[in-house]
Amino acid sequence: MTRKRRIYDGILNALTYLSSGIAVIILVMVLQFVFVRGWSGVNFDLLSKPYWSGNNTIEFPQFKTGAFDRPDHLGDDIAFSEKLGIGLSDGLDAYKEHQVVVEYLDPESPLHHGVVSTAGVDLGKELGLSEGSNIVNLMLKDTDDKIVNVGAQRKSTAEETVAAMDNISEMRKIYFKTEGGGINGSLKATLYLIGLSLVIALPIGIAAAIYLNEYAKANRVTNAMRSSIELLSGVPSIIFGLMGVSVLFPITQLMGIHTVSIILGALTMAVVLLPLIIRQTEESLKVVPIDLRYASLSLGATQTQTIFKVILPSALPGILTATLLSISRIIGESAALIYTMGTFIADRPRLDQGATTLAVQIWSLMSGEQPNFELSSTISIIILLIVLALNVSVKLISYRINKKWSVS
Amino acid sequence: MDSKHHLISEAYQRRKKGWDKFFKGLFWLAGFISAIFIILIIVFIVRKGIGPFLPSYPGGAYPIGKFLTGFQWRQDSAIYGVAFIVINTIISALGALLISFPISVLTALFITKIAPRSLSRIMTTIVELLAAIPSVVYGVFAAGVIVRWVDSLAAMAGFSTYGGNSLLAVSILLAIMVFPTMTSLAIVAINAVPRELVEGSLALGATTTQTNFRVVLTSAKSGIFAGLILGLGRAFGEATAVSMVAGNSMIGPTFNPFNITRTLTSTMLAGLKETQGLDYDIRFSVGIILMAVILVTNLGIHFVKDRIGRSMS
Amino acid sequence: MKTFEIKDLNLWYGDFHALKDIDMDIRNNKVSAFIGPSGCGKSTFLRVLNRMNDLIDGTKITGQVLFNGQEIYAPESDVVTLRTKVGMVFQKPNPFPMSVYDNVAYGLRVQGIKNKAVLNDTVEDSLKKAALWEEVKDRLSDNALQLSGGQQQRLCIARAIALSPEVILMDEPTSALDPIATGKIEELMESLKKDYTIAIVTLSMQQAARISDYTAFFLLGDLIEMGPTREVFHKPNDKRTEDYITGRFG
Amino acid sequence: MKTFEIKDLNLWYGDFHALKDIDMDIRNNKVSAFIGPSGCGKSTFLRVLNRMNDLIDGTKITGQVLFNGQEIYAPESDVVTLRTKVGMVFQKPNPFPMSVYDNVAYGLRVQGIKNKAVLNDTVEDSLKKAALWEEVKDRLSDNALQLSGGQQQRLCIARAIALSPEVILMDEPTSALDPIATGKIEELMESLKKDYTIAIVTLSMQQAARISDYTAFFLLGDLIEMGPTREVFHKPNDKRTEDYITGRFG
Amino acid sequence: STDTPAAEAPAETPDPVEEPAEGLSGEIHVYTRDATSGTREAFEGGIGFDKDEETLTASAVETSGNGDMASKVGNDVNGIGYVSLTTDFAANNLKPLNFEGVEPTIENVLSDDYSLKRPFSYVTRAAGDFESDEAEALTRAFIAFITESEEGLSAVDGAGGIVDLSSAKPWSEVAETVDGFDPATDYSGITLRTRGSTSVDKTLKAALEAFQAEVAFEFNMDHTGSGDGFKRVLGEEKDGANAGDIGFASRKFGDNETVSDGMLSGEYCQDAVVVVVESSNPLSEITQQQIHDIIVGQLTTWEEL
Ligand SMILES: Nc1ncnc2c1ncn2[C@@H]1O[C@H](COP(=O)(O)OP(=O)(O)OP(=O)(O)O)[C@@H](O)[C@H]1O
Ligand SMILES: Nc1ncnc2c1ncn2[C@@H]1O[C@H](COP(=O)(O)OP(=O)(O)OP(=O)(O)O)[C@@H](O)[C@H]1O
Ligand SMILES: [Mg+2]
Ligand SMILES: [Mg+2]
């Protein structure tokens, strides 16, 4: 091998290393960007917590103050009311808004014994404050018989709230929120959407790919079909979204759904996914040697039998990849879903109602008045973890199939 | 010879042929459904998008000539000229491909043919992860990181930028966003190259590197170009992230990479949700233009591909 | 008795005229060999007989092909049934990426036969006839792609035999086989022709001479001549046939 | 003079012991033929000689393979240079998806030869030697995949010849060729062996007898015997060789 | 006071991109919102920009939202733009400018001293056009809650909306005056659907949650922009996929938006628009004339200021 060739080879090789290096660096930078902002927020609670806080107002028919000792384990940043036996701290909610958080509540505290004053079925039921709640507004009469409002809504700090509590003569009512800011609802909605979209898109996409690759003769109709599908893959998501509300919405209306819904989102995503699935499946069908088709047909198998018994099994890893890509696409989509599923974060998503996926929740968080990088990044990390998990499991399945179906 | 034919039931034969017909119909139907959507979309956009240029349009027709040849897009003064946006869109998307295409193909080559198996698994996973990051996150990344690179680069070149919001930032962003698509299709294509070809080349005294570049890439051409087209589609179609760094200029075209720009999708998106009347409907006209641009560039790529195919022979 | 009667057959691949005005009869329970130089259309002609060319886009066929007196290219003709009666073995071994057993059982299964005993018997029987049984009897559930090229081809023959077709088309079936296996296959052909009709494309003149009853010589898409093998080899009617047969051989 | 000296060679595909204790010399400017039943390891052995087995994962090799006295499996040995000196033609035709011309010019081009005239001459020359020139001279810029199987294989031979290697390894190079083309190739081998060393795997006993100077008989991974072709064919040392050679043949 | 609690916790202040110059020099980079934005309308109206006669400088950068504007101007030393008063200036590396010598504070907005401001408007569906009588009553009650009750107003106030708390009455009193609303009725199955402006998001969410603390009910906020507020309640999409009960706009409803068809309409709070520059910019004051000239492109460099 001449020196020149070795150098030339070296340069070309260096180019591939460089390219992959760039790819890795970019990924690392994107990941670092996401992780630095979001990692601190990742915990299991977030996955199981609802997004919306419960809002409660409670009153205290028999209210007595007591004398409580500050427990030793409370940190310095926690203000403690000796009259009510409650420890408060300043915190930030999902919107980076200030909160007054209940960190500690003495078991004997009178604040355990409220009754609901919110109009509705729960009116009059017993309900007390609990640790983790957030005091939005607390109305009391102070020792001068003056009405005082404190709490997050009044921009009081924990310190100020405790000061007011320690000066209490009569408790009027407390408006508090339970913990919120979780992504449980969006997570569920995302999974519903993935499931439903795939159920619609995979059979159609795979069948269409089979038609194009196995049956279609090279004629004008087929060409038109092929170009149509190719063109479909170039349609921007935003157009898909608008198409969803105008073309597909009537279909869901026939099902008796009159709002945006996960079903509408899934129908729309199915259209988005079709070209991707078709292309990917076709690629993997093309790899199946033509000889196998001949062999099967010459044994008196129908084309359908050939497809199901010989071709599809060989193309299975490719189809799995298509599925994986589809899932990634669904998880990452926002523009099309904003229109078809809405932007309301539902804690108990239903197929016939609107909800947000994780990505749309990010979009909502980022396009609001005060972009929330931290929570967005946290959600992104969770998305990445989901995708990673899927990726690994699809790989494992593919590997097992490959082992069964071919030598290499 | 004992024939097995007596074992074959007539009924099964009929059933099997029935199924064959049924499935063929089903497959055709699936293809038809998949293809029909583009028509629905086109009909839907065209119906809305042609409207503003018809005399019957409430408030009077907008002159189509001005729309197609205009070099200003000012919703505030109701001037809608799309020509410069088309140019900007094409420049930014081609810029993105210029950056991304070689990197994607070479990365795919690295993953499939060069890297040791464990590294290549990791790299594949990386590529797939990149594909799964929501575009909003890329937009945020671009608005937070890429614009700074561009800004410092511009400062070195002696330009002042709008905080890094620029044509170059858009192209870099799009390059990152289309990278996973193009790479994974290139990987599929390269993996499909028959082993005998590789052996044939090596046996002729080609080095592995020469084999990779001359035989593997050539044989994988059609799959690689499929990825290119898909990537281009994504580059044209991306809206949310792009509008975060494009700067959305009102005049153009933009040739200076450090200047702000405007793309067709960011135009369609800007304030879409809050608007109505002509300003709303004309976005569908932009949609038609966008589809046309995508179509024409696809044809262009096919042409180039054929040329490359021929010039290699 | 004629199994196939071909009249005035022409075949085009797009613009390429691959078969020209072919008239031929293929006789019952005989072995017909097709010989001729590479690219002359032997494989193409063989594939006409079970309509395998249907699968190639842009193929155009004119003329008549009668199988047991029935036009196989007629619109109402049933190509699937045709292929169960006209089996085929290809030039390159093409086993399915399944187990050895499943490969052989495939043809029966797609006919709806599920009976285990029948399947087991047929698989064993066919593999024995294809001279492969001894080598694979302990590897029936291994992937067929793990066999060597020659083993793969014999598997394909077994697979075709399993269906007990009326006619077996073979496209250079032994070109990937060693002499011993070739011998066994030739023996098998000998025994098969008692009940079946065989059409074989071969590149080996000796093979044609040894096993066939009739020989057809093709050249550049034309059927130069066809007749009893002995006549074609010993007193060919056409100068070109003679040149070819007496030329240097493999 | 010995071009290759192989000592105590063993080869495993994973756990499968494919070549067992092979000792062999391959002589300069002679044609050595490797025969044996399907799956006996002929192809595997051939691929040892240009280190083509390097590409198969899980292959393990022990022993010595000397080429012109140099160990080709030594760490410092340059496999690329080795392969330019040891050309190869495969069992299945494997032309590149490029034009006919580019296929033949490929080997030269990867050596850095760009001179148009040299390329043109070599392409024409090689195609002529491979008995393909007449058929493709007007189709040089057509894609090679459009040729028939036999044409493709001859193209692959032309491609190997174009590099004027010292040794040419051929793995059943004529199994897809018709007699006329086979004859030309055999003629070509005859003329090549004046300057080159040829190792050929063949399934045709006649071919081996006709063209080779030395014949090696493999069985189940063992080299049963090797010697001058006449001796191996007329008075083999081993009973198994005799059985194989006098058995029914192709 | 204006110092919102979030101002205390700027997680990470972006570094200024370039070193601040002593008297800033060079081209002024104008940032604006898209033409349909309510903030932009309020801003342009407030600086005496005549839409029909004048045009915005062609070199302006269009941003897609308040947050986008904030981060972009905060990243560009030469940038000038405008954001809502609720914006976290410090976190975005921004400096708010006094307008016509008046500091942008809630007090100054309420006292009308500060003139760059806009209303948050609402309109409900037409009377009788609700999904149920309960929904209609609940809608009335909610509107009364955010416009009259102390609980509602302080929730809006807490979320950064500018409201006059002085005339507020306790909800218990206000509730009694609402037609058809009965606190004893169970509203927990009713969903209030709010639509329209994204700018009202924060204040409205606080108000809805506070209302939930008083009356158990469900709400569904699906806000995409001011233009949809009317459309989805009274306009062309009022029976479409995204129909709503109350529509919001971060501006006055337009002439072609016939809010008089609605059961109720009005304004529930105000928002001020603040002219901002990057924090290292030495500028701290701006006049109406100056910003006007910058916007129309007559003033193009910092030196001229
Ligand atoms: N699908 C096809 N499209 C176009 N031309 C084809 C096609 N298949 C074969 N041909 C051409 O038709 C001619 C006959 O091909 P065929 O494969 O029948 O030859 P053959 O006699 O079987 O040759 P061989 O002995 O090499 O297999 C050849 O010239 C070949 O190039
Ligand atoms: N990559 C591989 N992995 C595992 N086993 C293999 C591999 N390649 C070949 N073998 C096995 O090694 C043995 C020798 O194979 P080889 O291809 O060398 O046989 P051959 O003599 O060339 O046969 P044929 O005449 O059929 O080509 C066979 O039993 C085959 O199944
Ligand atoms: Mg053939
Ligand atoms: Mg072999």
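What's counted below: heavy atoms across the whole structure, side chains too, no hydrogens, waters or symmetry copies. Numbers restart at 1 for each chain; the letters A, B, ... are given by sequence-line order, proteins then strands.
- Of all non-hydrogen atoms in B:Phe179 and A:Ala23, the two that sit nearest each other are CZ-CB, 3.2 Å.
- Within the 4.5 angstrom heavy-atom criterion, only backbone atoms of B:Pro102 (N, CA, C, O) approach chain A.
- Of the two parts of A:Thr302, the backbone and the side chain both hold a non-hydrogen atom closer than 4.5 Å to a non-hydrogen atom of chain B.
- For a residue to count as touching a neighbouring chain, one of its non-hydrogen atoms must lie under 4.5 Å from one of that chain's; by this rule A:Ile206 does not touch chain B.
- Put simply, of A:Ile239, A:Ile331, A:Val34, the one with the most heavy-atom pairs under 4.5 Å next to chain B is A:Ile239.
- Only the side chain of B:Tyr138 comes within contact range of chain A, with at least one heavy atom under 4.5 Å from a heavy atom of that chain.
- Interface remark: B:Trp19 contributes backbone atoms only to the contact with chain A (heavy atom separation under 4.5 Å).
- Proximity to chain B is limited to the side chain of A:Leu324, based on heavy atoms less than 4.5 angstrom apart.
- Looking at B:Thr265, the atoms closer than 4.5 Å to chain A (heavy atoms on both sides) all sit in the side chain, from C-beta outward.
- Proximity to chain A involves both the backbone and the side chain of B:Lys24, based on heavy atoms less than 4.5 angstrom apart.
- Within a 6.0 Å radius of NZ in A:Lys286, more than 12 heavy atoms belonging to other residues, nucleotides or ligands are found.
- Of the listed residues (A:Glu283, A:Glu333, A:Met29), the greatest number of heavy-atom pairs within a distance under 4.5 Å of chain B belongs to A:Met29.
- If you measure heavy-atom distances from A:Glu214 to chain B, you find no contacts under 4.5 Å at all.
- Contact of A:Leu274 with chain B is made through the side chain alone, with heavy-atom distances under 4.5 Å.
- Counting heavy-atom pairs closer than 4.5 Å to chain B, the top-ranked of the candidates A:Val287, A:Ile26, A:Ile22 is A:Ile26.
- At a 4.5 Å heavy-atom cutoff, the contact between B:Phe213 and chain A is made by side-chain atoms alone.
- Neither the backbone nor the side chain of B:Ala108 comes within contact range of chain A, judged by heavy atoms closer than 4.5 Å.
- With a threshold of 4.5 angstrom between heavy atoms, B:Ala206 approaches chain A through N, CA, C or O but not through any side-chain atom.
- Contact annotation for B:Ser34: both backbone and side-chain heavy atoms come within less than 4.5 Å of a heavy atom of chain A.
- Residue B:Leu29: no heavy atom, backbone or side chain, is found under 4.5 Å from chain A.
- Contact of A:Leu384 with chain B is made through backbone and side chain together, with heavy-atom distances under 4.5 Å.
- Neither the backbone nor the side chain of A:Val392 comes within less than 4.5 Å of any heavy atom in chain B.
- Only the side chain of A:Ile278 comes within contact range of chain B, with at least one heavy atom under 4.5 Å from a heavy atom of that chain.
- When each of A:Tyr211, A:Phe308, A:Tyr215 is paired with B:Phe23, the ring pair (Phe, Tyr, Trp, His ring centres under 6.0 Å) condition holds for A:Phe308 and for no other.
- Heavy atoms of B:Ile229 lying under 4.5 Å from chain A belong exclusively to its side chain.
- Neither the backbone nor the side chain of A:Val221 comes within less than 4.5 Å of any heavy atom of chain B.
- For A:Gln303, the parts sitting under 4.5 Å from any heavy atom of chain B are the backbone and the side chain alike.
- Heavy-atom distances place no part of B:Ile111 under 4.5 Å from chain A, backbone and side chain included.
- At a 4.5 Å heavy-atom cutoff, the contact between B:Ile176 and chain A is made by side-chain atoms alone.
- Both the backbone and the side chain of A:Leu12 come within less than 4.5 Å of a heavy atom of chain B.
- For A:Arg329, no part lies near chain B; criterion is any non-hydrogen pair under 4.5 Å.
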**Q.** side chain to side chain contact (heavy atoms under 4.5 Å, CB included) assessment of B:Val188 paired with A:Gln280
**A.** CA-CA 9 Å; B:Val188 173; A:Gln280 194 75 38; 3.5 Å; yes
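- For A:Phe240, the part lying near chain B is the side chain, with the backbone staying farther off; criterion is any non-hydrogen pair under 4.5 Å.
- With a threshold of 4.5 angstrom between heavy atoms, A:Ile381 does not approach chain B through any atom at all.
- A:Asn13 pairs with exactly one of B:Thr207, B:Thr209, B:Thr208 by the side-chain hydrogen bond (donor to acceptor under 3.5 Å, both in side chains) rule, that one being B:Thr209.
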